[in-house]
Amino acid sequence: MSQSFDYDLVIIGAGVGGHGAALHAVSCGLKTAIVEAGDMGGTCVNRGCIPSKALLAASGRMRELRDTHHLKALGIQLGAVAFDRQAIADHANGIVTKQRDALIGSLKRIGVETIYGWGKVAGPQKVAIATKDGERIVTARDIILAPGSVPFVPPGIELDGKTVFTSDDAVRLESLPPWIAIVGSGYIGLEFADVYSALGCEITLIEALDQLMPGFDPDIAKLAQRVLITPRDIETKVGVLAKRITPGSPVVIELADAKTKEIVEVLEVDACLVATGRVPLTKDLGLDSVGVAIDRRGFIPINDHMAVLNAGEVVPHLWATGDATGKMMLAHVASAQGVAAVEAICGRGRAVDYHSIPAAAFTHPEIGFVGLTEPAAQEKGKTDGFEVATVRTYFKGNAKAIAEGETEGVAKVIYRQDTGEVLGVHIFGLHASDLIAEAASAIAQRQSIQDLAFLVHTHPTLSEVLDEAYKRAANVH
């Protein structure tokens, strides 16, 4: 090094992205420190992936045990089934504590220094940290910004954390309101609708766009609504905005037409979960000290190798990862970006292939998807001059799904008609979140249906749903 630094790398933010970057940095021989102002583990461990999946696991068991028709078909009979709300909440909170402790322990074991406080850039290769003991300045050859995101609360919505709240509060399951409104039908809204409906709550699902589940492939959304929403105690309202939400008993929700913005209905419910997406936590990061401006949505501009940009030019030794970059707000994306940033720091530039990154909604049944939706693929086909084809296979024809008595579901493969390259895969059904990994690998390797059709899958497994789809697309039997 041409000059002495306190650290080779300082990472601001100890969520999944920052943690992943720290682990990889140490394996690459970098002296590393990580700065965290809140809970170690960030959103995923404390308020997102981990506690929500624990709630979904417990509530999903309740749904299964109360499905007497399904159990009877398997030859099983049960008496009354009950649950303890606090025990379910404690289960989720206990897992959070274990995961957080494991994350802290892993950093300590490999020699990463953890500094508690608010970190921000204080100039080139310099970080200022507001700790409980006062400000501390450290220098680093490279800095990674991994500040994460927070729930987005639209104007007109007032939170009290008890009757009107975001997913940050919902994961604690402090109550089970008899009637709860959920604003937003993305994966957060869907997952909590799954939890609350399984535990006996009546739900009103509110979506501002003119269709439910707007981010999902239309075919998947249509079937998912038929299975996840219609038969359950869930009322839906589409094309309406929650213009004003006032906490209390009852919670008052003023619904406006999404186009005219005129009030069309006033709801009075016991509680309201605001699940309207997330926004980057990029204020007060000191970016102005190095001349960087966040974009109009609050995201930090980066290039393909996670380097922070100023008016399109790389800012030396400054990198950003995770939700704050606005690429894909997923924990595993943050982790992949963290590794990619460290690789670039070490002179081995490696871009993240966002097209092949899978995502999932952990409903019952699950939704897993990767690549393009059919409308997006058709649009790309028009632009690039190729025809798009699709094929669907159904869980009701799969031997394992039949044995499980879980035959609701579909796998949809979208591909180029000329080359056979797989463009997108969307699965709704049992264990879709696990099944989608195979499809993500195929897309990452730009494989064609002709190649995939000759792969051998274990029989009998759910993976044969994809096997059948590939064979059908390639006309191989």
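Just the heavy atoms: all of them, side chains too, but no hydrogens, waters or symmetry mates, feed the values below.
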Practice prompt. Report, as yes or no, whether the 6.0 Å neighbourhood of atom CZ on Arg61 holds more than 12 heavy atoms from other residues, nucleotides or ligands.
Written response: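 Not more than 12 within 6.0 Å, no.
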**Message:** Using a 6.0 Å cut-off, check whether atom CD of Glu313 has over 12 heavy atoms from anything other than its own residue.
**Reply:**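 Not more than 12 within 6.0 Å, no.
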Query raised in the report: Which word best sums up how the rings of Phe369 and Phe216 line up, parallel for under 30°, tilted for 30 to 60°, or perpendicular for over 60°?
Result: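 Answer is perpendicular, since the angle exceeds 60°.
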* Taking atom types as modelled, is there a side-chain donor on Arg100 or Asn46 under 3.5 Å from an acceptor on the other? ->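 Indeed, the side chains of Arg100 and Asn46 share at least one donor-acceptor pair under 3.5 Å.
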> Under 3.5 Å, is there a donor-acceptor pair between the Ser149 and Asp323 side chains?
Replying inline: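 The criterion, which ignores hydrogens and geometry beyond distance, is satisfied for Asp323 and Ser149.
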Compare all side-chain heavy atoms of [X] with those of [Y] and state whether any distance is below 4.5 angstrom.
X	Y	answer
Leu423	Phe386	yes
Thr97	Ile95	no
Pro365	Leu228	yes
Phe395	Leu462	yes
Trp319	Ile302	no

Got a salt bridge between Arg136 and Glu113, using NZ or NE/NH1/NH2 to carboxylate O under 4.0 Å?
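Salt bridge flag = yes for Glu113 with Arg136.
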Salt-bridged, Glu408 to Arg226, with N to O below 4.0 Å?
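The answer is yes: the pair qualifies as a salt bridge.
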Between Val370 and Ile357, does a side chain to side chain contact (heavy atoms under 4.5 Å, CB included) hold up when you go through it step by step? CA-CA 6 Å; Val370 63; Ile357 292 177; 5.8 Å; no
Query - Residue pairs involving residues 293-312 (criterion side-chain hydrogen bond (donor to acceptor under 3.5 Å, both in side chains); sequence neighbours excluded) - result: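 Found none.
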Q.
If we check side-chain contact (heavy atoms from CB on, under 4.5 Å) with Leu55, which of these qualifies: Phe192, Phe362, Tyr196?
A.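 By the side-chain contact (heavy atoms from CB on, under 4.5 Å) criterion, Leu55 pairs with just one of Phe192, Phe362, Tyr196: Phe192.
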With sequence neighbours left out, write down each residue that passes side chain to side chain contact (heavy atoms under 4.5 Å, CB included) with Thr43, or none if nothing qualifies.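 Arg47, Arg278.
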Check: [X] side chain, [Y] main-chain N or O, donor-acceptor pair, under 3.5 Å:
X	Y	value
Lys471	Ala453	yes
Asp142	Leu9	no
Asp194	His364	yes

Practice problem: For Glu379 and Thr383, run side chain to side chain donor-acceptor pair (under 3.5 Å): C-alpha distance rounded to whole Å, both residues' side-chain angles, the deciding distance at 0.1 Å, then the answer. | Solution: CA-CA 6 Å; Glu379 194 62 37; Thr383 304; 4.8 Å; no
Q) Between Met328 and Gln337, is a side chain to side chain contact (heavy atoms under 4.5 Å, CB included) present by the stated rule, with each step listed? A) CA-CA 10 Å; Met328 296 172 80; Gln337 288 180 319; over 6 Å; no
Show the numbers, then the answer: is there a side chain to side chain contact (heavy atoms under 4.5 Å, CB included) between Val422 and Gln447? CA-CA 6 Å; Val422 177; Gln447 286 184 289; 5.8 Å; no
What's the separation between atom [atom1] in [X] and atom [atom2] in [Y], rounded to the nearest 0.5 Å?
X	Y	atom1	atom2	answer
Ser441	Leu452	OG	CG	9.0 Å
Asn398	Leu430	CG	CG	9.5 Å
Leu190	Ile367	CG	CD1	6.0 Å

For [X], give me all partners under side-chain hydrogen bond (donor to acceptor under 3.5 Å, both in side chains), at least two apart in sequence or on another chain.
X	answer
Asp418	Arg416
Asp219	Arg392, Lys412
Arg472	Glu468

Which pairs of donor and acceptor atoms, one on a side chain in residues 25-33, lie under 3.5 Å apart (sequence neighbours left out)?
unit_1	atom_1	unit_2	atom_2	d
Ser27	OG	His24	O	2.7
Lys31	NZ	Asp6	O	3.1
Thr32	OG1	Leu30	O	3.0

task: In sequence, state the C-alpha distance, the side-chain angles, and the governing distance for Ile449 and Val391, and then conclude on side chain to side chain contact (heavy atoms under 4.5 Å, CB included).
output: CA-CA 11 Å; Ile449 50 157; Val391 66; over 6 Å; no
